[in-house]
Number of protein chains: 2
Amino acid sequence: MKKAQSHDPYDMLGLDRQLCFPLYAASNLLGRVYRPLLEPLGLTYSQYLVMLILWEEGPIHVGALAQRLHIDSATMTPIVKRMQDQGLLTRNRDRSDQRHVIVRLTSRGQSLKDQAKEIPQALSDQIGDRLGHDVVEGLRTSVRKLVALLSEDLNTPIGVALPTPTPLK
Amino acid sequence: MKKAQSHDPYDMLGLDRQLCFPLYAASNLLGRVYRPLLEPLGLTYSQYLVMLILWEEGPIHVGALAQRLHIDSATMTPIVKRMQDQGLLTRNRDRSDQRHVIVRLTSRGQSLKDQAKEIPQALSDQIGDRLGHDVVEGLRTSVRKLVALLSEDLNTPIGVALPTPTPLK
DNA sequence: ACCTAATAATTCGTGCACGAAGTAAATAAC
DNA sequence: GTTATTTACTTCGTGCACGAATTATTAGGT
C-alpha cells in the first residue's frame, strides 16, 4: 500500500522528505504568531502554556508542570521564577514533602484568564478557515499521537537501532 | 460538516483543545530524539538542517538559508559562525554584492554526508512502523500546508482580527 | 555626483530548552 | 539509627530563537 519511493539513503536527506523539519518550522512560526497576541498580557508562549494548565487544573508541582508540557524540569524552574517575579503565581515548598514546590496562581494570575479567553478561538478560526477545519482536526489528533509515541519512547529510546547502521547492504 | 463543539471561549483554553501545544511538544521531543543521533557528528539539530540544505543545494547566502528554514537571520548568523569554527563551512562576502555572505561546505562538511545518510531512514522507519506510514505521510503534508499558511500570513498577519476582541457580547 | 531608500548581515538583550552536575529532603536497607 | 538510594528541584554552561537597533553596501531619485 505504501508507494514505492526511493530507498536510496541519500535521497532521504532532502529537506522536503523529512517530517521533523515541517514540525520544527511550524512550531517556530506559531510562536511568532502568538508573540504579538500574548505581549499585551505580558506572557511568553511557554508562560502561556503554564497558565493554561494552572487555569484548568489549579495548583500543581513544578515537576508535574514540566511533565505536562513535555519539557525538562530544568527549563521549568526559571520560567515559573520569572512568572513569580511578575506576580502571576507563588512558589512554596510542600509542607508534607519539602522536596516538592507547589505553584499557585495569584489573583492577578487568575484574572488574566479573562484577557486570554479570546486568543485560541481567534487563531483556531483563522487557521481553520484557510486550511479546512477537518484538516486541522486531523492534524491535531495525528500530532498528539506522535507526541504520545515520542514521549513514551524516551524511556525505550527510538534511535536504539542506529548503533548498527546498515547490518548488510 | 463541522461537529458542533462548545463555543464557550473559556473551554478553548484547555490544553487539549489547542493545536499549537502538540506542535510545540512534538518539536521539542523530536529535538530530543535527534540529539543523541547527531552528537556523533558533532551537529546540533539546527546545524543538521543547515547541512541538509547545503548538501542538497550547494552554496547559498545567509539570508536565503534563514528564509529556507523559516528562522530569523539574526538566528542564522551565530549558527553558521559556530559551524565555521568547526571547519564544516566557509563564510565569504559575495564579490559582486558585498552585502551578501556566501556559505560553502568545506570538504570536511561534504564528507559528513556519508555519516548522516542513515539517520532519516532509521527515524522514518521507527515512527512509521508505530504510527502508520500513511498517518505519517498525511501528517507531513498537513504540517507543510500549515507552514506555508503561517509563513505567508506573516506578511498579512493572522492575528489582525484580535485588536477588537469582542465587538459585542 | 549627492542624498535618500532599501537591502543584507550582524550585534544586543531576553527568554527558552537541553544534559549534566549539585543540593536537599524523604525513603529504604540493614 | 546510621548509611545508601531515590526523588524533586535547582544551578550551570551551551546553543537556539526572537525583535530591535546598527552597520555596511547597493540602488534610486533628482
Student: Does the side chain of B:R91 get closer than 4.0 angstrom to OP1 or OP2 of C:dA9 through an N or O atom?
Tutor: no
Student: What is the distance, rounded to the nearest whole Å, between atom CD of B:Q67 and atom C1' of C:dA9?
Tutor: 14 Å
Student: In the structure shown, which nucleotide is the Watson-Crick or G-U wobble counterpart of D:dT26, with both distances under 3.5 Å?
Tutor: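 Check on D:dT26: unpaired, no WC or wobble geometry under 3.5 Å.
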Student: Take atom CD1 of B:I102 and atom C1' of C:dA8, then tell me their distance rounded to the nearest Å.
Tutor: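 Between C1' of C:dA8 and CD1 of B:I102: 13 Å.
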Student: Give me syn or anti for C:dA5, where syn covers glycosidic angles within 90 degrees of 0.
Tutor: syn
Student: Please compare B:P78 and A:D94 by the position of their nearest nucleotide in DNA chain C and report the one closer to 5'.
Tutor: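 Its nucleotide being nearer the 5' end, the pick is B:P78.
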Student: When the distance from OH of B:Y45 to P of D:dG15 is rounded to whole Å, what number comes out?
Tutor: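 Checked: the OH to P distance equals 18 Å.
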Student: Step by step, would you call B:Q126 with B:R130 a side-chain hydrogen bond (donor to acceptor under 3.5 Å, both in side chains)?
Tutor: CA-CA 7 Å; B:Q126 298 253 354; B:R130 306 193 201 186; 3.0 Å; yes
Student: Does a side-chain N or O of B:T75 approach OP1 or OP2 of D:dA17 to a distance below 4.0 Å, or not?
Tutor: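 Indeed not, no polar side-chain atom of B:T75 lies that close.
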Student: Determine whether B:L65 and B:I79 make a side-chain contact, defined as any pair of heavy atoms from C-beta on separated by less than 4.5 Å.
Tutor: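 No, too far: nothing below the 4.5 Å cut-off.
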Student: Using whole Å, report how far NE2 of B:H100 lies from C1' of C:dA8.
Tutor: 6 Å
Student: Starting from P on C:dT10, measure out to CD1 on B:I71 and report it in whole angstrom.
Tutor: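 One finds 13 Å between P of C:dT10 and CD1 of B:I71, rounded.
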Student: Would you mind reading off the distance between A:I79 atom CD1 and C:dC16 atom P, rounded to a whole angstrom?
Tutor: 5 Å
Student: Nearest to the B:R35 side chain among C:dC18, D:dA8, D:dC16, which nucleotide is it?
Tutor: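 The closest nucleotide is C:dC18.
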Student: Nearest nucleotide by nearest heavy atom, which residue falls closer to the 5' end of DNA chain D, A:E39 or A:V62?
Tutor: A:V62
Student: Across the strands shown, which category fits B:Y24 at heavy-atom distances under 4.0 angstrom: base, sugar-phosphate, nothing?
Tutor: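 If one applies the 4.0 Å heavy-atom cut-off, B:Y24 turns out to touch the sugar-phosphate alone, with no base involved.
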Student: Evaluate whether atom CD of A:E56 has more than 12 neighbouring non-hydrogen atoms of other residues, nucleotides or ligands under 6.0 angstrom away.
Tutor: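 Yes.
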Student: If the cut-off is 4.0 Å, is B:R82 near the phosphate of D:dC16, judged by side-chain N/O to OP1 or OP2?
Tutor: yes
Student: The side chain of A:V101 is closest to which nucleotide in this list: D:dT10, C:dA25, C:dT11?
Tutor: D:dT10
Student: With both distances under 3.5 angstrom, what nucleotide forms a Watson-Crick or G-U wobble pair with C:dA5?
Tutor: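 Answer to the pairing question: none, since C:dA5 forms no Watson-Crick or G-U pair.
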Student: Would you say CD of A:Q67 has more than 12 non-hydrogen atoms from neighbouring residues, nucleotides or ligands within 6.0 angstrom?
Tutor: no
Student: Judged by each residue's nearest nucleotide on DNA chain C, which is more toward the 5′ side, A:Q98 or A:D72?
Tutor: A:D72
Student: Would you kindly give the OH-to-P distance between B:Y48 and D:dG15, to the nearest whole Å?
Tutor: 20 Å
Student: Rounded off to whole Å, could you give me the CG-to-P distance for the B:L23 and D:dA17 pair?
Tutor: 16 Å
Student: May I ask you to evaluate whether A:R32 reaches the phosphate of D:dC18, defined as a side-chain N or O under 4.0 Å from OP1 or OP2?
Tutor: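 For A:R32, the contact criterion (side-chain N or O under 4.0 Å from OP1 or OP2 of D:dC18) is met.
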Student: Is there a side-chain polar atom (N or O) of A:K81 under 4.0 Å from OP1 or OP2 of D:dT11?
Tutor: yes
Student: Under 4.0 Å: is that the gap between some side-chain N or O of B:S46 and OP1 or OP2 of D:dA17?
Tutor: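 So the side chain of B:S46 is within the cut-off, an N or O lying under 4.0 Å from OP1 or OP2 of D:dA17.
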Student: Report yes if some heavy atom in the side chain of A:I119 is under 4.5 Å from a heavy atom in the side chain of A:L41; otherwise report no.
Tutor: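 With C-beta onward as the side chain, the pair touches.
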Student: For B:R91, look at atom CZ and say whether over 12 heavy atoms of other residues, nucleotides or ligands are found less than 6.0 Å away.
Tutor: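 Above 12, so yes.
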